[in-house]
Amino acid sequence: MEYRCADAAIADGNAECASDSASGNGGAAEEADRGSAARPAPLPSGDVTFMFTDIEGSTRLATGLGAERYRVVLHRHRALVREVLRANGGTEIDTEGDSFFVAFHHAADACAAAIGIQTALRGAHWPDHDGRPLRPKVRIGLHTGEAWPSAGGYATPEVHRTARICSAAHGDQVLASAACAAAAGLPPAAVHRLGDFELRGLPEATELVQLAAPGLPTAFPPPPVRPLTHHLPADLKPPVERPGEYRELDRAFAVHRLVTLTGLGGCGKTTVAKAWARRRLAFYEHGVWYCRAGDDLGAALLDALGRRPELFRPAVETAADRLREATALLVLDDVDRTHAPDVERLLHDCPGVSVLAVGARPLELPGEAKRALGPAPADVSAAILAGYCEERAAPWTAADCRDLAAAVDGFVPALTALAEVTALGSPGVALRYLSDDPVGALDGGGRFRAAIDDAVAAISGPARAVLLELAARPAGATVDAVLDLCRQRDGSLEALVELVDVALVVIERPAMDQAVYRVPAPLRWLLTGSAPEASRPEPEAALGTAREARTEAAPLADRLRPRPAVAAGFADRLVHPVNLESARLRAVA
């Protein structure tokens, strides 16, 4: 099956390509007009550059001029186009009406021919109509792709893509795919990038560029096709807004190009990242692109961009080339430190690109801004729990869920664990269940414990020791108190930073010059096996002396070691980790 394109369809902007003989069967007048347009042999093969040309508004032009005057304009247009094609090695595949379908061996020749056609048409003498020359305005589309001739024509979707590109152009404009411009080796001054567009019927996005040359116009309206500005997956339902987290990300990106959003599994990192990114679409000229990193970040990113990997070349290099001149935001989900070199490569090679990396831990790259997603505020956490209930056809509203959400500190993984019992019973039933057996209420299916085990297993030994100490202190502790507990022991502050980075510890600020570090209540219950406190002490209680802190640590040791009491202090346990025998606490052993 051979491809050609009907001129009337292109003129209407719909570029419908028919499966037909590429040689076509025009009338006698058409054959006579083609005269010297004998097709050379062989046809281009391999990397072929295709060209479609078309007179904009040809139907209206023919109707307004009448048959005889339009024939004069059409024949002069054809003669000029064919003269330029012969000079640049173009092979005319088909001509129908006012359109040309041409193939070139080399992309540079095709681009030169397109510019030559527009220049020749503008410089030619045309009949006058009411004092104005009747110069036809021709739109041209170019694309380079792999193609092989068959029976005098081409059977390839690359022809469809070229036709769609032509239909997206305006009169006097030359549009090309970025692949064509790259194959031609055009200098930056000759190419104006327009962005990614969805061409009807084609599965991948196509980056369009406009060719420029002295004497040709450069200002045109946007292409009449839908621009592709993001690859954010559609939400099945609107997410609960988290304006506090959005503001934090806004502030971070005001001065940083790389921001990592970290937290425990199930805390809503991906939801927050996608919702924030949608709000930023207008800030990035070349779009917002989302992907899950997987084993090959470059390949995942190329898939999001609608690009194919290149043979014998790392995918991240191809992605960097695609984004080198772009102003874009990349939302990279499920990243870890194995992806850090690729992220650094993208930021280094693409100065207009910013990256929001979502994962369990920061990437620890230079210039990285870290934001940990901790417990949600009371109104947000109540709305999240109410949303879970609504999914299960339960009638409970955010107001009904407020007390239960507050009881678990707005800890989103805990809200998820309580969703079933809340929906099947009520928020009050779940609250009583939580008071009677907090660990059992949160971990009936084992998912909550598994998520915490995974998070704790990934942190360092010193960080686990600090976590255990803080878990014994419901009101938390200041930096001074933690450092005093860890006196004479290097690395204690780094351990605290590590816990904050992975959202196992949250920061509260009772005053501008104070910071209290606290383990969220559901995590504390799981680590210590304790029941919820009747009332949490005021944050000021965490500002006690080191002696008080050491006294408070003793009950934790008693709970963690069923038989022998802990003889050594916390600093000693940093070197000799606590031997935990409880299955519940095995993750921190």
Side-chain angles (χ1 to χ4, degrees), residues 2-7 9-11 13 15 17 22-24 34 37 39-40 43-56 58 77-121 136-149 152-186 190-191 199 206 208-213 216 223:
E2 311 303 331
Y3 290 87
R4 65 174 182 163
C5 208
D7 120 88
I10 300 181
C17 290
S23 61
R34 294 176 65 171
R39 185 180 305 157
L43 292 177
S45 61
D47 286 335
V48 179
T49 298
F50 295 109
M51 170 193 287
F52 273 99
T53 76
D54 168 57
I55 296 178
E56 183 180 54
S58 58
H77 151 261
R78 289 173 177 168
L80 289 170
V81 170
R82 287 188 171 125
E83 182 179 353
V84 174
L85 293 179
R86 282 194 297 270
N88 289 277
T91 302
E92 186 177 329
I93 305 299
D94 193 17
T95 303
E96 186 171 343
D98 62 347
S99 68
F100 280 83
F101 173 31
V102 187
F104 292 82
H105 289 277
H106 305 293
D109 293 339
C111 293
I115 296 298
I117 289 171
Q118 298 291 20
T119 302
L121 291 173
K137 294 187 176 183
V138 172
R139 52 190 178 185
I140 301 177
L142 301 171
H143 174 58
T144 301
E146 185 177 4
W148 303 91
Y154 292 90
T156 169
E158 305 302 342
V159 174
H160 288 284
R161 191 176 301 275
T162 312
R164 296 288 190 269
I165 293 172
C166 180
S167 70
H170 299 279
D172 292 339
Q173 186 180 33
V174 179
L175 284 188
S177 65
C180 175
L186 298 179
V191 177
L199 301 181
T206 301
L208 298 182
V209 301
Q210 174 184 306
L211 303 193
L216 299 184

Spatial distance of atom [atom1] ([X]) from atom [atom2] ([Y]) [nearest 0.5 Å]:
| X | Y | atom1 | atom2 | result |
| --- | --- | --- | --- | --- |
| L175 | L142 | CG | CG | 9.0 Å |
| D47 | H105 | CG | NE2 | 12.5 Å |
| E92 | R86 | CD | CZ | 9.5 Å |
| L211 | C111 | CG | SG | 5.0 Å |
| L121 | I140 | CG | CD1 | 7.5 Å |
| F104 | T49 | CZ | OG1 | 8.5 Å |

Between [X] and [Y], what is the shortest heavy-atom contact and its length?
| X | Y | value |
| --- | --- | --- |
| A179 | H143 | CB-CE1, 4.5 Å |
| P149 | P44 | CD-O, 3.6 Å |
| G141 | T162 | O-CG2, 3.6 Å |
| A103 | Y154 | CB-OH, 4.0 Å |

task = Dump the intermediate steps for side chain to side chain donor-acceptor pair (under 3.5 Å) on R161 and S177, then the final yes or no.
result = CA-CA 9 Å; R161 191 176 301 275; S177 65; over 6 Å; no
Would you indicate whether the side-chain heavy atoms of [Y] and [X] approach each other to under 4.5 Å?
| X | Y | answer |
| --- | --- | --- |
| V48 | L43 | no |
| F100 | C166 | no |
| W148 | T156 | no |

query = How are the rings of F101 and F50 set relative to one another: parallel (under 30°), tilted (30 to 60°) or perpendicular (over 60°)?
reply =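 If you compare the ring of F101 with that of F50, the planes turn out tilted.
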query = Are any side-chain N or O atoms of Q118 and backbone N or O atoms of V138, one a donor and one an acceptor, separated by less than 3.5 Å?
reply =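 Yes; at least one donor-acceptor contact below 3.5 Å.
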request  = Show your reasoning for whether side chain to side chain contact (heavy atoms under 4.5 Å, CB included) applies to R164 and T206.
outcome  = CA-CA 10 Å; R164 296 288 190 269; T206 301; over 6 Å; no
message = Working note: L216 + D172, criterion side chain to side chain contact (heavy atoms under 4.5 Å, CB included); need CA distance, chi angles, decisive distance, verdict.
response = CA-CA 8 Å; L216 299 184; D172 292 339; over 6 Å; no
query = With respect to M51, which candidate in N88, T91, L85, D109 satisfies the side chain to side chain contact (heavy atoms under 4.5 Å, CB included) definition?
reply =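 Testing each of N88, T91, L85, D109 against M51, the sole residue satisfying side chain to side chain contact (heavy atoms under 4.5 Å, CB included) is L85.
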key: Test side chain to side chain contact (heavy atoms under 4.5 Å, CB included) applied to E158 and E146, step by step   = CA-CA 8 Å; E158 305 302 342; E146 185 177 4; 5.9 Å; no
key: Derivation and outcome, side chain to side chain contact (heavy atoms under 4.5 Å, CB included), residues L208 and I165   = CA-CA 8 Å; L208 298 182; I165 293 172; 3.8 Å; yes
